[in-house]
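On a predicted model such as this, the values are computed, not experimentally measured, just so you know. The figures that follow rest on heavy atoms only: side chains count, while hydrogens, waters and symmetry mates do not.
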Amino acid sequence: MAETIARIKEQLQTVRTEDDPFFQACLLDERKGVQRLIASFRREQAKQQALLDQLELMKQYEKEARKQGFQMIAGIDEVGRGPLAGPVVAAAVILPEDFEVVGVNDSKQLNGAKRDELFDAIMDAALAVGIGIQSHEVIDKVNIYEATKLAMREAIDNLDVPPDFCLIDAMPLKYCENELSLIKGDSKSISIAAASIIAKVTRDRMMVAYDERFPGYGFSQNMGYGTKTHLEGLENQGVCPIHRLTFAPVKNIFLAYKS
């Protein structure tokens, strides 16, 4: 008696390659339901292979650095340069050479659930993770560009293991003895991509907590960016303690209130 479609679907979940004898037997089953399962299996295999290929591609800069003799290679990225409220947060991540977590990419390309999942996986696998946080007060004092560099330097300083090579997203930091700045590095380097996820999740969780303290601006949804809800909150409630006073339109509302 032939296996039921449901049973075949269950067993296919344990198959890893098309060379598996069970899969080969399924190829001989002409039932449409089985053929659909085979097609679905192949699509999933192709998807997983694409993720593995992407992982290897994104290791290219780390591999090149290791060829030059470097071992502790840190990826550095930041999040929060554009919002009207809250801090800028940077992360520095040193991954092991055999890092095999698939799906790590520029945090902006991932949904919240996937970022949370990868955050835990990166934290578990990383050799070291450092976080740097510069407040809205610092941003107002030195400007966002300088505050971002301060956050990145702080993240590097907070690594338990000192890096011997730094891969940095976009901006030259001139803080590490050996460093390479990569435009759109969070989509090119696995270490920078990992740092982008750590920084993003860390800051998002901070903004969710701020939303409880300062309701009415939608911080848990917009993370401090100038959405309609946020702008309406500014108009209705004015400036709150974590707003960046040098950023328009916050600056205009703050000055109008003072006058």
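Of the possible polar contacts, none joining the Glu78 side chain to the Gly132 backbone as a donor-acceptor pair under 3.5 Å is found. A donor-acceptor contact shorter than 3.5 Å is absent between the side chain of Gln109 and the backbone of Val104. No side-chain donor-acceptor contact under 3.5 Å links Glu177 to the backbone of Asp164. Panel note: side chain Arg115, backbone Leu110; a donor-acceptor pair is recorded below 3.5 Å. Side-chain N or O atoms of Ser196 include one that pairs as donor or acceptor with a backbone N or O of Ala193 at under 3.5 Å. Here the side chain of Ser187 pairs no donor or acceptor atom with the backbone of Asp106 at under 3.5 angstrom. The main-chain N or O of Gly185 is never found under 3.5 Å from a side-chain atom of Ser189 such that the two would form a donor-acceptor pair. No donor-acceptor pair closer than 3.5 Å links the side chain of Ser40 to the backbone N or O of Arg36. Under the 3.5 Å distance criterion, the side-chain polar atoms of Arg244 are left unmatched by any main-chain donor or acceptor of Val250.
In this structure, Gln68 places its CD atom where more than 12 heavy-atom neighbours from other residues, nucleotides or ligands lie under 6.0 Å away. Other residues, nucleotides and ligands place more than 12 heavy atoms under 6.0 Å from the CD atom of Glu232. Heavy atoms of other residues, nucleotides or ligands lying less than 6.0 angstrom from NZ of Lys184 number 12 at most.
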Please report, to 0.1 Å, the donor-acceptor pairs under 3.5 Å made by any side chain of residues 81-91, with sequence neighbours excluded.
none

Could you list the donor-acceptor pairs under 3.5 angstrom formed between side-chain atoms of residues 17-26 and any protein atom two or more places apart in sequence or on another chain?
from  : atom 1 : to    : atom 2 : distance (Å)
Thr17 : OG1    : Asp19 : N      : 3.3
Glu18 : OE1    : Arg42 : NH2    : 3.2
Glu18 : OE2    : Arg42 : NE     : 2.9
Asp20 : OD1    : Phe22 : N      : 2.8
Gln24 : NE2    : Glu18 : O      : 2.5

Donor-acceptor pairs are to be reported for all side-chain atoms of residues 152-163 against protein atoms at under 3.5 Å, with residues two or more places apart or in another chain.
from   : atom 1 : to     : atom 2 : distance (Å)
Arg153 : NH2    : Leu173 : O      : 3.4
Glu154 : OE1    : Ile133 : N      : 2.9
Glu154 : OE1    : Gln134 : NE2    : 3.1
Asp157 : OD1    : Tyr175 : OH     : 2.8
Asp157 : OD2    : Tyr175 : OH     : 2.8
Asn158 : ND2    : Ile131 : O      : 2.7
Asn158 : ND2    : Glu154 : O      : 3.3

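In terms of the side-chain hydrogen bond (donor to acceptor under 3.5 Å, both in side chains) criterion, Asn105 has no residue partners (sequence neighbours excluded). A search for salt bridge (charged side-chain N to carboxylate O under 4.0 Å, His left out) contacts involving Asp186 returns Lys108, not counting sequence neighbours. A search for salt bridge (charged side-chain N to carboxylate O under 4.0 Å, His left out) contacts involving Glu10 returns Arg7, not counting sequence neighbours. The salt bridge (charged side-chain N to carboxylate O under 4.0 Å, His left out) check on Lys9 picks up nothing, with sequence neighbours excluded. Partners of Lys59 according to the side-chain hydrogen bond (donor to acceptor under 3.5 Å, both in side chains) rule, which considers only residues two or more places apart in sequence or in another chain, are Glu100. The salt bridge (charged side-chain N to carboxylate O under 4.0 Å, His left out) test applied to Glu137 returns no partner, not counting sequence neighbours. Remark: His243 engages Tyr217, Phe219, His230 in a ring-ring contact (aromatic ring centres under 6.0 Å, His included) (not counting sequence neighbours).
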Checking Met207 against Ile242 for the side-chain contact (heavy atoms from CB on, under 4.5 Å) test, could you report, in this order, the C-alpha distance in whole Å, the side-chain angles of both residues, the deciding distance, and whether it holds? CA-CA 10 Å; Met207 295 308 295; Ile242 65 164; 4.1 Å; yes
Just do the side-chain hydrogen bond (donor to acceptor under 3.5 Å, both in side chains) check on Asp140 and Thr246 with the steps written out, would you? CA-CA 6 Å; Asp140 286 336; Thr246 53; 2.6 Å; yes
Set out, in order, the CA-CA distance, both residues' side-chain angles and the distance that settles side-chain contact (heavy atoms from CB on, under 4.5 Å) for Arg205 and Asp116, then state yes or no. CA-CA 10 Å; Arg205 291 175 179 177; Asp116 285 340; 3.5 Å; yes
Let's go through Gln45 and Gln49 carefully: what are the C-alpha distance in whole Å and the side-chain angles of both, what is the deciding distance for side-chain hydrogen bond (donor to acceptor under 3.5 Å, both in side chains) to 0.1 Å, and is it a yes or a no? CA-CA 6 Å; Gln45 288 291 101; Gln49 187 58 53; over 6 Å; no
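Considering all non-hydrogen atoms of both residues, Leu27 and Gln35 come closest at O-NE2, 4.0 Å.
Counted by atom type alone, Gln60 and Glu64 present zero donor-acceptor pairs between their side chains at under 3.5 Å.
Under the 4.5 angstrom side-chain criterion for Ile, Leu, Val, Met, Phe, Trp and Tyr, the cluster partners of Leu182 are Tyr61, Phe70, Ile73, Phe165, Leu167, Leu180, Ile192.
Sorted pairs that involve residues 85-127 and meet ring pair (Phe, Tyr, Trp, His ring centres under 6.0 Å), not counting sequence neighbours, are lacking altogether.
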